[in-house]
Amino acid sequence: MPAITFIHPDGKSDRVETSGGESAMQAATRHGLDGILAECGGNAMCATCHVYVDESWLARLPAVADDEDALLDGTAAERLPNSRLSCQINITPELDGLVLLLPDRQV
Amino acid sequence: MSAPGSAASGVPHLDVDPFDMMFFADPYPTHELLREAGPVVYLDKWKVYGVARYAEVHAVLNDPATFCSSRGVGLSDFKKETPWRPPSLILEADPPAHTRTRAVLSKVLSPTVMKQVRDRFAAAAEERVDALIEKRSFDAIADLAEAYPLSIFPDALGLKPEGREHLIPYASVVFNAFGPPNQLRQEAIERSMPHQAYVAEQCQRENLAPGGFGACIHAQVDEGAITAAEAPLLVRSLLSAGLDTTVNGIGAALYCLARFPDQWQRLRSDLSLARGAFEEAVRFESPVQTFFRTTTREVELSGARIGEGEKVLMFLAAANRDPRRWDSPDSYDITRRTSGHVGFGSGIHMCVGQLVARLEGEVMLTALARRVAKIEITGEPKRRFNNTLRGLDSLPVTITPA
Ligand code: HEM
Ligand code: FES
């Protein structure tokens with residue numbers, strides 16, 4: 001199964017094994033990772049699963065949908081060009097090794 | 001096919017009325033009975049299927065093509081009975097119609113908009129707490145759980161000052177009307193005319209102050225997103241679902257924090273837990289207890305065969321305490337990872353006002369925890385009975401300032 005890495009604002013990192021068809025958010029919450037709140041449970045309604053995608057991976061992710069784009073305008077930490085909602089990133093085998101940086105706050 | 005829920009389909013029949021006063025007084029033993037009887041049950045009293053385990057409630061919520069909302073999310077089947085009011089364009093709609101109206105309300109209540117109202121909501125919470133500290137002893141429902149949302153939400157919507165006393169009674173009718181034709185529902189509808197008249201009037205464009213949520217909905221007409229006839233009905237959704245729900249949500253949080261002083265102390269020592277404390281109260285008490293769906297086709301759900309046109313009652317509150325999904329489900333723990341609870345629903349109809357509710361809950365609990373050392377219950381709490389909403393009518397408390 002693909003594994004992905006979350007890097008906390010203090011530089012500490014967590015490598016997380018994903019299970020089939022999971023989103024990055026689901027993998028993070030299943031492992032009890034701090035830094036992803038996911039208040040809406042992955043329904044693309046809360047913007048509390050915000051991550052910054054490592055630049056080298058950015059182009060390999062599917063494009064941002066309109067509803068995700070609108071929600072990203074409301075993230076608690078600053079929206080950057082590499083901002084995404086982790087509940088909208090489904091982990092496929094091609095994303096094995098993906099690196100996601102966590103913002104300093106989600107609300 | 002066999003009769004609904006007959007022995008052949010293996011679905012257990014239960015002689016339980018989840019809309020009865022005795023049930024409302026203490027629903028938990030019955031929730032357990034419903035969960036343990038099987039993944040799908042049949043309630044003879046109202047001739048409906050029921051799901052009370054987390055997995056099945058979540059599955060039904062996330063399959064709107066099979067379990068639809070357009071035939072009503074209460075017991076009444078809109079295909080067989082005339083709805084008591086014109087149906088909601090969002091709650092009681094299916095895609096593609098729902099997709100369009102939902103996009104409008106999502107935009108009006110987005111995280112970006114919450115950033116703009118946050119300071120105002122927080123200042124009002126501080127003011128309310130100031131007033132309560134003066135009083136020391138008060139009713140945590142009337143003076144706080146109701147007074148606080150009433151001090152911000154109608155203004156945020158852009159409502160006129162006159163007639164706001166209709167808002168809570170109107171919402172109470174709406175949520176009673178999802179239930180079966182029992183006394184609660186019949187009496188509520190019989191007395192609803194003045195409240196309905198008020199609400200219909202307030203939903204008109206000229207009665208909504210510029211800049212408010214109501215005016216923002218009407219502005220979507222100019223964008224071509226909705227028609228001028230649809231806008232008032234979408235404003236009505238916020239009037240129906242936006243006030244009494246948060247009254248019961250904040251009431252639930254206060255009742256929990258007053259009953260579990262260790263959690264109150266934990267919150268006081270770390271104010272960043274306020275949002276989680278509110279969210280956990282929504283899981284623990286589930287202010288919105290139930291909703292129905294109607295099957296659009298014959299379907300098999302966890303081994304149970306359900307015919308077309310059947311009502312399925314989802315016990316959100318029972319799912320939120322299903323031991324299959326939650327550790328120590330009956331304890332109120334403000335540090336719990338609540339993500340995935342169904343107190344706000346799940347899937348395409350998941351509460352579009354959830355950010356408003358969380359913001360109100362967070363800023364109120366933060367203001368309270370910063371200034372108050374202790375909350376003591378000083379009299380018997382009284383329950384308020386409603387077919388869908390769970391909450392208190394009064395909660396006498398005395399607070400000790402920090
Ligand atoms: C603690 C407070 C609240 C709770 C527990 C709550 C609960 C719910 C639930 C369970 C649903 C799902 C209905 C379904 O699946 O059929 C829902 C939908 C909805 N809620 Fe809330 N709600 C709350 C606050 C609010 C607020 C503050 C607003 C408005 C500002 C609001 C507006 C709505 C609307 C319009 C829908 C229909 C959404 C749709 O069908 O797409 N709610 N709510
Ligand atoms: S979990 Fe809510 S938007 Fe991703």
Side-chain angles (χ1 to χ4, degrees), chain A residues 6 8-10 14 16 18-19 21-51 64-80 83-90 102-107, chain B residues 54 57-58 61-62 64 99 102-118 122 225 271-276 278-280 282-283 319-320 325 327 335-359 361-363 366:
Chain A
F6 289 92
H8 295 267
D10 64 5
D14 275 312
V16 168
T18 68
S19 65
E22 245 181 358
S23 69
M25 178 284 279
Q26 283 168 325
T29 50
R30 202 164 44 76
H31 286 87
L33 195 96
D34 283 330
I36 299 273
L37 208 50
E39 285 179 337
C40 79
N43 283 290
M45 290 171 200
C46 70
T48 66
C49 62
H50 181 204
V51 291
V64 178
D66 285 350
D67 56 344
E68 182 181 349
D69 186 40
L71 278 171
L72 282 168
D73 282 337
T75 53
E78 190 190 358
R79 177 180 185 171
L80 298 175
S83 284
R84 292 295 302 254
L85 296 179
S86 58
C87 72
Q88 302 302 304
I89 305 176
N90 285 318
L102 293 163
D104 59 354
R105 60 206 181 101
Q106 294 288 4
V107 287
Chain B
Y54 181 86
V57 169
H58 191 266
L61 284 167
N62 282 282
T99 315
R102 170 88 195 187
V104 168
L105 289 194
S106 297
K107 191 181 263 181
V108 172
L109 303 172
S110 71
T112 312
V113 174
M114 292 309 110
K115 283 187 184 172
Q116 293 154 9
V117 298
R118 175 177 269 275
L271 294 178
S272 75
L273 295 172
R275 206 168 160 99
F278 177 73
E279 199 70 24
E280 168 70 345
V282 175
R283 179 200 69 88
N320 278 340
R325 169 66 176 77
D327 293 333
T335 61
R336 183 190 293 276
R337 286 187 166 269
T338 51
S339 178
H341 80 78
V342 290
F344 288 111
S346 178
I348 63 167
H349 290 279
M350 188 185 187
C351 185
V352 77
Q354 57 185 279
L355 303 178
V356 178
R358 288 197 191 100
L359 177 58
E362 178 198 336
V363 296
T366 306

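- Note: B:Met350 leads B:Glu362, B:Met350, B:His341 in heavy-atom pairs under 4.5 Å with chain A.
- With chain B as the partner, the residue from A:Thr48, A:Leu37, A:Thr75, A:Asp66 showing the most heavy-atom pairs under 4.5 Å is A:Thr75.
- Annotation: the span from B:Leu355 atom CG to A:Met45 atom CE amounts to 9.5 Å, rounded to 0.5 Å.
- Heavy-atom pairs under 4.5 Å with chain A were tallied for B:Arg358, B:Lys115, B:Met114; the largest tally goes to B:Arg358.
- For A:Ala38, the parts lying under 4.5 angstrom from a heavy atom of chain B are both the backbone and the side chain.
- Here B:Ser339 contributes atom OG and A:Ile36 contributes atom CD1; the two are 10.0 Å apart, rounded to the nearest 0.5 Å.
- Judged purely by atom type and a 3.5 angstrom limit, B:Arg337 has no side-chain atom pairing as donor or acceptor with the backbone of A:Arg30.
- Two residues are said to be in side-chain contact when any heavy atoms from C-beta on lie closer than 4.5 Å; B:Pro111 and A:Asp73 fail this criterion.
- Considering all non-hydrogen atoms of both residues, B:Gln354 and A:Cys40 come closest at OE1-CB, 3.4 Å.
- Looking at heavy atoms from C-beta onward, A:Asn43 lies in side-chain contact with B:Ser346 at the 4.5 angstrom threshold.
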